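What you see is a predicted model, and the numbers here were worked out from it, not measured in a lab.
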Amino acid sequence: RFLSHIYASGAIALNIHHPQFRRGTSLRTFALCCSGAFQIADWRDGLVCWLRPGVELETFRTPQELRALAEKYLSDAPARQGIARAGRARVLAEHTYRHRMEAMLADVR
């Protein structure tokens, strides 16, 4: 709970993946969304399987793109809040530990 408050306390949560995440995303991506934070994540192939960039989080590929997105969203609180709400709703609806456990159990039945 404490970490969720920290995540959501800033205007932007920057999510830069460890190099081992070449495809997909880390658990932090889901934790940031679930906390209600607006996040900008570095682009990873496969991320779109889980969340929609521009709708549920933002992504960047270059430092210049990150800067432009940060400037854009720092001056547009309603857009930040809308994306943060959409990301949280998607994670709660489809990407909780319960969802993962149900999927795993369905595979072994």
Side-chain angles (χ1 to χ4, degrees):
R1 248 193 194 294
F2 180 70
L3 197 51
S4 291
H5 292 291
I6 291 172
Y7 285 160
S9 67
I12 296 174
L14 180 59
N15 184 3
I16 298 177
H17 291 82
H18 188 279
Q20 76 186 27
F21 287 101
R22 292 183 183 95
R23 181 165 171 69
T25 191
S26 68
L27 291 175
R28 181 177 53 245
T29 305
F30 300 105
L32 285 167
C33 283
C34 194
S35 75
F38 168 78
Q39 96 176 267
I40 301 177
D42 58 333
W43 175 261
R44 289 289 181 252
D45 288 336
L47 177 65
V48 297
C49 294
W50 310 108
L51 295 161
R52 294 174 295 171
V55 178
E56 296 157 339
L57 80 166
E58 273 294 356
T59 58
F60 70 95
R61 294 175 192 255
T62 67
Q64 296 80 13
E65 191 175 8
L66 170 59
R67 182 182 183 120
L69 287 168
E71 289 173 351
K72 171 185 174 181
Y73 285 105
L74 284 172
S75 66
D76 192 349
R80 276 196 326 266
Q81 293 161 357
I83 289 173
R85 278 192 302 274
R88 185 171 196 278
R90 176 81 181 271
V91 167
L92 291 176
E94 298 178 26
H95 301 304
T96 65
Y97 283 116
R98 181 181 185 130
H99 292 109
R100 296 296 176 264
M101 292 304 298
E102 288 172 351
M104 287 181 1
L105 290 173
D107 285 345
V108 297
R109 290 183 186 166

State the CD-CG distance between Glu58 and Leu66, to the nearest 0.5 angstrom.
10.5 Å
Can you sort out the partners of Arg90 under salt bridge (charged side-chain N to carboxylate O under 4.0 Å, His left out), two or more places apart, ordered by chain and number?
Glu56, Glu94
If we only count heavy atoms from C-beta on, is the Leu57 to Leu47 side-chain gap below 4.5 Å?
yes
Using the side-chain contact (heavy atoms from CB on, under 4.5 Å) criterion, which residues pair with Ala68? Sequence neighbours excluded.
none
To the nearest 0.5 Å, what is the distance between NE2 (His99) and CZ (Phe30)?
11.5 Å
Non-neighbouring partners of Tyr73 that pass ring-ring contact (aromatic ring centres under 6.0 Å, His included), sequence neighbours left out
Phe38
Give the minimum heavy-atom separation between Ala13 and Tyr7, together with the two atoms involved.
CB-O, 4.2 Å
Might you point out which heavy atoms bring Pro53 and Thr59 nearest each other, and give the distance in Å?
CB-OG1, 3.8 Å
Can you tell me if Arg88 uses its side chain to pair, donor with acceptor, with the backbone of Cys33 under 3.5 Å?
no
Can you see which heavy atom on Gly36 is nearest to which on Ala8, and at what distance?
C-CB, 4.4 Å
Which heavy atom of Ile83 sits nearest a heavy atom of Gly54, and at what distance?
CD1-O, 3.9 Å
CG on Asp42 to OG1 on Thr62, rounded to 0.5 Å
11.5 Å
Which residues pass the salt bridge (charged side-chain N to carboxylate O under 4.0 Å, His left out) test with Arg67, not counting sequence neighbours?
Glu71
When rounded to the nearest 0.5 angstrom, what distance separates CG in Leu27 from OH in Tyr97?
4.5 Å
Run the salt bridge (charged side-chain N to carboxylate O under 4.0 Å, His left out) test against Arg98 and tell me which residues pass, sequence neighbours left out.
Glu102
Given the rule that I, L, V, M, F, W and Y join up when any side-chain heavy atoms are under 4.5 Å apart, are Leu92 and Val55 in one cluster?
no
By the side-chain hydrogen bond (donor to acceptor under 3.5 Å, both in side chains) test, which pairs, at least two apart or in different chains, include something from residues 25-37?
Asn15-Arg28, Asn15-Thr29, His17-Thr25, His17-Thr29, Thr25-Thr29
Working to the nearest 0.5 Å, report the span between CD1 of Ile40 and CG of Leu32.
11.5 Å
Nearest 0.5 Å please: distance from the CG atom of Leu14 over to the CD atom of Gln39.
9.0 Å
